[in-house]
Amino acid sequence: MSGKHLNVVAHPLIQHKLSYIRDKKTSHNEFRDLLHEVSMLMAFEVTRNLPTEAVKVRTPLTTTMARRISGKKLAVVAILRAGLGMVDGVLKLAPLAKVGHIGLYRDPKTKQAVQYYEKLPQDIDKRFVILTDPMLATGHSAVKAVNILKEYGVKHIVLMALIAAPEGVREMHKHHPDVKIYLAALDQKLNSHSYILPGLGDAGDRLFGTK
Ligand code: URA
């Protein structure tokens, strides 16, 4: 499974750090630091095609033409709660990006994503949105979050996840074929509880130490 809307970032630094993120022996604070670092490295790839414009810069010796990012500004939107773990890494590279939050929980009966919270930058429709959620499992949360962003008129959205199951990628491609997905790994499948195999367990619990 690949294509122009699925980008598995195979950089050795990312794969190396991911091996520790997956490891059950990795402590919560190490997990958090590693997720932060991987998010920063992935943000480098996600922002690769941002438009730039020529600017004149005066160096201590002369003037020269250089390039700066132009046009659309960035927003990072975290799907609560595990998506929070990827925000700071993006902000490290793009400190002026605004940050939004979408809270979703899974209805235990229908297994569908239900919204309980949303707070987005006022000019979200004018921004290039990096939606963060480390685990793209069934895809229901990501699809719902993109629905919400599109209701606000957002036109340029990418999903930055750490690990996905093929089921989640298919669900996203079915509902939002325009949204590019960036991953560090595409795993094998979901188990009967919709956890990704081999995965890393519950990303929220591992990030916040709640289990
Ligand atoms: N959410 C997680 O935190 N882990 C999974 O494997 C799937 C969904």
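Since the structure is predicted, the reported quantities are computational estimates derived from the model, not experimental observations. Scope of the values below: all heavy atoms of this structure, side chains included, with no hydrogens, waters or symmetry mates.
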For the residue pair [X] and [Y], what are the closest heavy atoms and their distance?
X: Asn7; Y: Glu45; value: ND2-OE2, 4.4 Å
X: Leu74; Y: Ala94; value: CD1-CB, 3.5 Å
X: Val57; Y: Ala66; value: CG2-CB, 3.9 Å
X: Arg206; Y: Ile21; value: NH1-O, 2.9 Å
X: His36; Y: Lys92; value: NE2-CD, 4.2 Å
X: Leu35; Y: Pro134; value: CD2-CG, 4.4 Å

State, without any angle test, whether Glu171 and His175 hold a side-chain donor-acceptor pair at a distance under 3.5 Å.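 The criterion, which ignores hydrogens and geometry beyond distance, is satisfied for His175 and Glu171.
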Show, in sequence, the C-alpha distance, side-chain angles and deciding distance for Gln115 and Ile148, and conclude whether the side chain to side chain contact (heavy atoms under 4.5 Å, CB included) test is met. CA-CA 9 Å; Gln115 186 183 356; Ile148 293 166; 3.3 Å; yes
Can a salt bridge be assigned to the pair [X] and [Y] using a cut-off of 4.0 Å between side-chain N and carboxylate O?
X: Asp205; Y: Arg81; result: yes
X: Arg127; Y: Asp123; result: yes
X: Arg32; Y: Asp88; result: no
X: Lys25; Y: Asp23; result: yes

Please check if the side chain of Lys109 supplies one atom and the backbone of Asp107 the other of a donor-acceptor pair under 3.5 Å. no
Check whether [X] and [Y] end up in the same hydrophobic cluster, where Ile, Leu, Val, Met, Phe, Trp and Tyr are linked by side-chain heavy atoms less than 4.5 Å apart.
X: Leu136; Y: Tyr105; answer: no
X: Met135; Y: Val146; answer: no
X: Leu190; Y: Leu162; answer: yes
X: Val77; Y: Ile157; answer: yes
X: Leu84; Y: Val38; answer: yes

Glu53, CD atom: more than 12 neighbouring heavy atoms under 6.0 Å: yes
Leu120 side, atom CG; Glu151 side, atom CD - distance, nearest 0.5 Å: 11.0 Å
Scan Val143, Thr132, Leu131 and name whichever one has a side chain to side chain contact (heavy atoms under 4.5 Å, CB included) with Leu159.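 Going through Val143, Thr132, Leu131 one by one, the side chain to side chain contact (heavy atoms under 4.5 Å, CB included) with Leu159 is satisfied by Leu131 alone.
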